[in-house]
Amino acid sequence: MATTRTAHTVWEGNLLEGNGVVTFDSSGIGEQPVSWPSRAEQANGKTSPEELIAAAHSSCFSMALSHGLAGAGTPPTRLETKADVTFQPGEGITGIHLTVRGEVAGLDEEGFRSAAEDAKKNCPVSQALTGTTITLTAELA
């Protein structure tokens with residue numbers, strides 16, 4: 001069964017001086033302010049499209065890796081994933097780096113890295129972002 005999740009943004013003003021509010025409609029978790037300076041300079045308490053992509057990618061990757069490890073008979077105890085999304089004004093998103101540290105009983109570093117590479121390649125967010133270079137660092141805790 002397919003699901004659809006929805007968010008919306010209300011933007012006021014021009015790009016450089018304006019600002020907006022992103023509302024998470026499906027979950028109801030609230031609203032977050034967004035602006036050009038929060039995207040291209042310092043966050044200053046506001047979010048950006050890149051931070052939202054980082055949140056989506058780190059959570060999707062973690063789910064995919066957890067599923068793959070469990071399917072191979074080595075379910076993880078814990079996975080901690082960070083996604084760094086790099087934005088260059090004038091160019092766009094220039095890369096994403098995933099860093100995962102896992103606690104997985106019965107699995108060596110090589111097996112963990114292999115499972116992480118598979119999750120990087122196959123998680124739905126990675127697949128949606130195939131036009132972007134995605135790199136990975138994976139290690140056991």
Side-chain angles (χ1 to χ4, degrees), residues 1-105 107-141:
M1 180 167 109
T3 59
T4 300
R5 299 294 182 253
T6 305
H8 76 275
T9 300
V10 175
W11 185 268
E12 296 177 348
N14 65 33
L15 174 63
L16 298 180
E17 297 163 1
N19 60 71
V21 175
V22 177
T23 302
F24 297 90
D25 299 313
S26 298
S27 64
I29 61 173
E31 300 177 336
Q32 292 296 315
V34 63
S35 69
W36 176 255
S38 70
R39 185 176 196 183
E41 299 166 18
Q42 295 299 315
N44 292 322
K46 297 180 181 179
T47 193
S48 68
E50 291 72 30
E51 184 178 37
L52 298 171
I53 290 170
H57 206 176
S58 66
S59 59
C60 182
F61 171 86
S62 294
M63 289 180 198
L65 180 53
S66 175
H67 182 67
L69 289 167
T74 54
T77 301
R78 177 181 165 89
L79 299 172
E80 184 175 337
T81 304
K82 178 175 79 163
D84 295 307
V85 178
T86 302
F87 174 74
Q88 177 65 47
E91 288 183 51
I93 294 173
T94 58
I96 300 171
H97 185 75
L98 298 169
T99 304
V100 62
R101 186 172 174 96
E103 296 174 18
V104 185
L107 192 63
D108 63 11
E109 287 283 342
E110 184 179 326
F112 184 68
R113 279 193 293 274
S114 177
E117 284 290 343
D118 187 65
K120 179 190 86 164
K121 178 182 174 186
N122 293 306
C123 95
V125 171
S126 289
Q127 292 191 352
L129 299 170
T130 55
T132 302
T133 300
I134 302 170
T135 55
L136 172 70
T137 300
E139 64 180 26
L140 290 171

- Message: Does any part of the side chain of F87, heavy atoms only, come nearer than 4.5 Å to the side chain of P49, both counted from C-beta?
- Response: no
- Among S59, S62, S58, the one residue meeting side chain to side chain donor-acceptor pair (under 3.5 Å) with T81: S62
- Task: Kindly indicate whether the side chain of F24, heavy atoms from C-beta on, has any atom under 4.5 Å from the side chain of Q32.
- Result: yes
- Note on the structure: Between the NZ atom in K121 and the OG atom in S126, the distance rounded to the nearest 0.5 Å is 11.5 Å
- Note on the structure: For T4 and S26 the tightest heavy-atom approach is O-OG, 4.2 Å
- Supply the atom-to-atom distance K120 NZ to T135 OG1, rounded to the nearest 0.5 angstrom. 7.0 Å
- Are any of the side-chain heavy atoms of F112 and T74 separated by less than 4.5 Å? no
- Task: Write down the atom of L79, the atom of S66, and the distance for their closest heavy-atom approach.
- Result: CD1-N, 3.8 Å
- Query: Would one find more than 12 heavy atoms of other residues, nucleotides or ligands at under 6.0 Å from atom CD of E80?
  - Reply: no
- Message: Does atom CD (Q42) have a neighbourhood of more than 12 heavy atoms from anything else shown, all under 6.0 Å?
- Response: no
- Would C123 and H57 count as a side chain to side chain contact (heavy atoms under 4.5 Å, CB included) if you check the C-alpha gap in whole Å, the side-chain angles of each, and the deciding distance to 0.1 Å? CA-CA 8 Å; C123 95; H57 206 176; 4.0 Å; yes
- Message: Contact between N122 and Q127 at the side-chain level, heavy atoms closer than 4.5 Å - yes or no?
- Response: yes
- Task: Nearest 0.5 Å please: distance from the CH2 atom of W36 over to the OG atom of S48.
- Result: 10.5 Å
- Query: For Q88, does the CD atom have more than 12 heavy-atom neighbours from other residues, nucleotides or ligands under 6.0 Å away?
  - Reply: yes
- Is the number of heavy atoms from other residues, nucleotides or ligands within 6.0 Å of NE2 (H97) greater than 12? yes
- Item | From NZ (K82) to OG1 (T137), nearest 0.5 Å | 9.0 Å
- Message: Tell me the closest heavy-atom pair linking W11 and S35, and the distance in Å.
- Response: CH2-CA, 3.9 Å
- Query: Taking the side chain as C-beta and beyond, is there a heavy-atom pair between P33 and N19 under 4.5 Å?
  - Reply: no
- How many angstroms lie between CD in E31 and OG1 in T47, if you round to the nearest 0.5 Å? 13.5 Å
- Item | Lys/Arg N to Asp/Glu carboxylate O, E109 vs R113, below 4.0 Å | yes
- About how many Å separate CG of L52 and OG1 of T9, when rounded to the nearest 0.5 Å? 8.0 Å
- Query: Taking the side chain as C-beta and beyond, is there a heavy-atom pair between K46 and V34 under 4.5 Å?
  - Reply: no
